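Worksheet: one structure, shown below.
Nothing here was measured: the structure is a model prediction, and the numbers come from that model.
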Amino acid sequence: MTGVTVGDVVGALEAAYPPRLAESWDSVGLVCGDTGEPVERVLFAVDATAAVVDEAIDWGAHVLVVHHPLLLRGVDTVAASTPKGALVHRLIRAGGALFTAHTNADSADPGVSDALAQALGLTVTGPLEPKPAGSVDEWTVQVPRSHADAVLAALFEAGAGGSGHYRDCATRVPSAGQFRPVAGANPAAGAVGELEVVEQEQLAVVAPPGRRAAVLAALRAAHPYESPAFQVTERAALPSGLGLGRVGELTRPETLRAFTARVRAALPGTAWGVRAAGDPERMIRTVAVCGGAGDSFLGTVTRLGVDAYVTADLRHHPADEHLRAGGPALVDAAHWATEFPWCAQAERVVRTALPDLTTRVSTIRTDPWTLGAADC
């Protein structure tokens with residue numbers, strides 16, 4: 001066995017696609033499975049359909065990683081008598097875990113739309129709808145040098161000291177502190193009425209704002225003083241590469257006709273195919289993309305002034321009104337096809353973090369449309 005567990009796979013994926021990036025209505029993370037179970041094989045797909053679950057079980061995958069949640073809205077049962085419940089039961093009986101990265105993978109950097117942009121040969125310049133990096137607290141603590149290691153360990157255990165892919169991060173600066181206990185004090189060092197000078201360290205760590213209560217409790221429990229000296233400041237949310245969709249550029253301009261052919265060649269084939277709206281001879285250089293359904297961004301791409309917008313699930317009236325208003329050309333592909341490139345990205349995330357695992361991307365087409373006019 002590899003020594004890798006389901007928990008290790010979950011940790012690698014959540015580091016790349018933080019759950020905090022998910023939309024409030026979404027459901028992401030481990031759907032079923034035991035984080036302590038060993039893992040040798042991981043399968044990646046857009047959807048956990050019956051055919052994909054069959055493939056996972058037949059191949060002996062210990063974890064199935066998908067983009068679309070199997071269980072999302074209005075779920076009050078996973079009984080084996082229900083279609084989705086039956087899939088969960090089959091995975092559990094086979095010793096398989098199911099993990100979902102949905103809108104958190106959409107907003108991650110890199111994420112779903114980065115994979116789509118890369119497939120189309122675009123150089124990404126930024127998100128379509130930016131999401132600022134979350135705020136973070138910085139804790140500055142004065143502690144006697146003799147207790148610095150213990151206090152730091154307690155802060156780490158409470159959730160401080162993390163930044164991106166790094167843990168146990170801190171700044172430690174030697175210093176000297178002084179205090180004079182007065183009547184009513186119960187000093188750990190020195191005596192009431194006398195000035196005490198102590199060799200100490202100034203510790204600085206970062207922590208999520210949501211961990212304030214835990215960090216404060218850990219600080220007070222581990223610090224030797226009855227009144228520890230500390231300060232907490234909150235860094236403002238900063239611009240980042242996080243957010244939904246991406247904007248990018250082609251190496252050289254090409255017509256909408258040629259660009260549409262580019263999209264069709266870059267994405268897996270489906271019955272839906274690829275269709276475009278706009279003047280076929282319009283020149284395309286700047287392109288916005290959004291993996292999955294993206295008609296909510298029609299106004300955004302118009303304001304940005306891009307030449308074309310690639311997404312899925314576009315409807316007749318919004319598309320018609322968009323073009324009448326002078327918006328960019330539209331390229332509409334199948335929902336599944338625009339998100340399929342992400343599977344390879346997620347596979348790279350796991351293989352980079354856990355190189356001993358065997359991984360593969362399912363080639364089963366989970367697009368629900370099975371027949372197009374060209375097939376008749």
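Of all the heavy atoms in Ala337 and Thr270, the pair that sits closest is CB-CG2, 4.1 Å. The two atoms that bring Thr35 and Leu30 nearest to each other are CG2-CD2, 3.8 Å, heavy atoms only. Here the closest non-hydrogen pair linking Glu23 and Leu244 is OE2-CD1, 4.3 Å.
Here the side chain of Thr260 pairs a donor or acceptor atom with the backbone of Leu256 at under 3.5 angstrom. A donor-acceptor contact shorter than 3.5 Å is absent between the side chain of Asp58 and the backbone of Glu55. Of the possible donor and acceptor atoms, none in the side chain of Arg264 sits under 3.5 Å from a partner among the backbone N and O of Gly273. Although no hydrogens or angles enter the test, the distance criterion places a donor-acceptor pair under 3.5 Å between the side chain of His89 and the main chain of Val78. In this structure, the side chain of Asp332 does not engage the main chain of Ala276 through any donor-acceptor pair within 3.5 Å. A donor-acceptor contact shorter than 3.5 Å links the side chain of His223 to the backbone of Gln142. With hydrogens and angles disregarded, no donor-acceptor distance shorter than 3.5 Å links the side chain of Arg90 to the backbone of Val53. Checked by atom type and distance alone, the side chain of Thr338 pairs as donor or acceptor with a backbone atom of Gly292 at under 3.5 Å. Not one N or O on the side chain of Gln202 forms a donor-acceptor pair closer than 3.5 Å with the backbone of Ser175. Asp47 places no side-chain N or O within 3.5 Å of a backbone atom of His68 that could act as its donor or acceptor partner.
Note on Arg257 versus Glu281: salt bridge recorded, some NZ/NE/NH1/NH2 to OD/OE distance being below 4.0 Å. The pair Arg285-Asp307 does not count as a salt bridge, with every side-chain nitrogen at least 4.0 angstrom from each carboxylate oxygen.
Evaluation of the salt bridge (Lys or Arg N to Asp or Glu O under 4.0 Å) rule for Arg212 yields Asp137, Glu234 as partners, not counting sequence neighbours. Tyr17 is linked by a ring-ring contact (aromatic ring centres under 6.0 Å, His included) to Trp342, counting only residues two or more places apart in sequence or in another chain.
When side chains are defined from C-beta on, Val215 counts as touching Trp139, because their heavy atoms get closer than 4.5 Å. The side-chain heavy atoms of Leu357 and Val9, taken from C-beta on, include a pair separated by under 4.5 Å.
In this structure, Leu116 CG and Arg246 CZ are separated by 11.0 Å, a value rounded to the nearest 0.5 Å.
Judged by distance alone, the side chains of Thr103 and Asp26 do bring a donor and an acceptor atom under 3.5 Å apart.
Using bins of under 30°, 30° to 60° and over 60° for the plane-to-plane angle, the ring pair Trp25/His102 lands in the perpendicular bin.
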Derivation and outcome, salt bridge (charged side-chain N to carboxylate O under 4.0 Å, His left out), residues Arg172 and Asp149: CA-CA 10 Å; Arg172 304 177 63 159; Asp149 289 340; 2.8 Å; yes

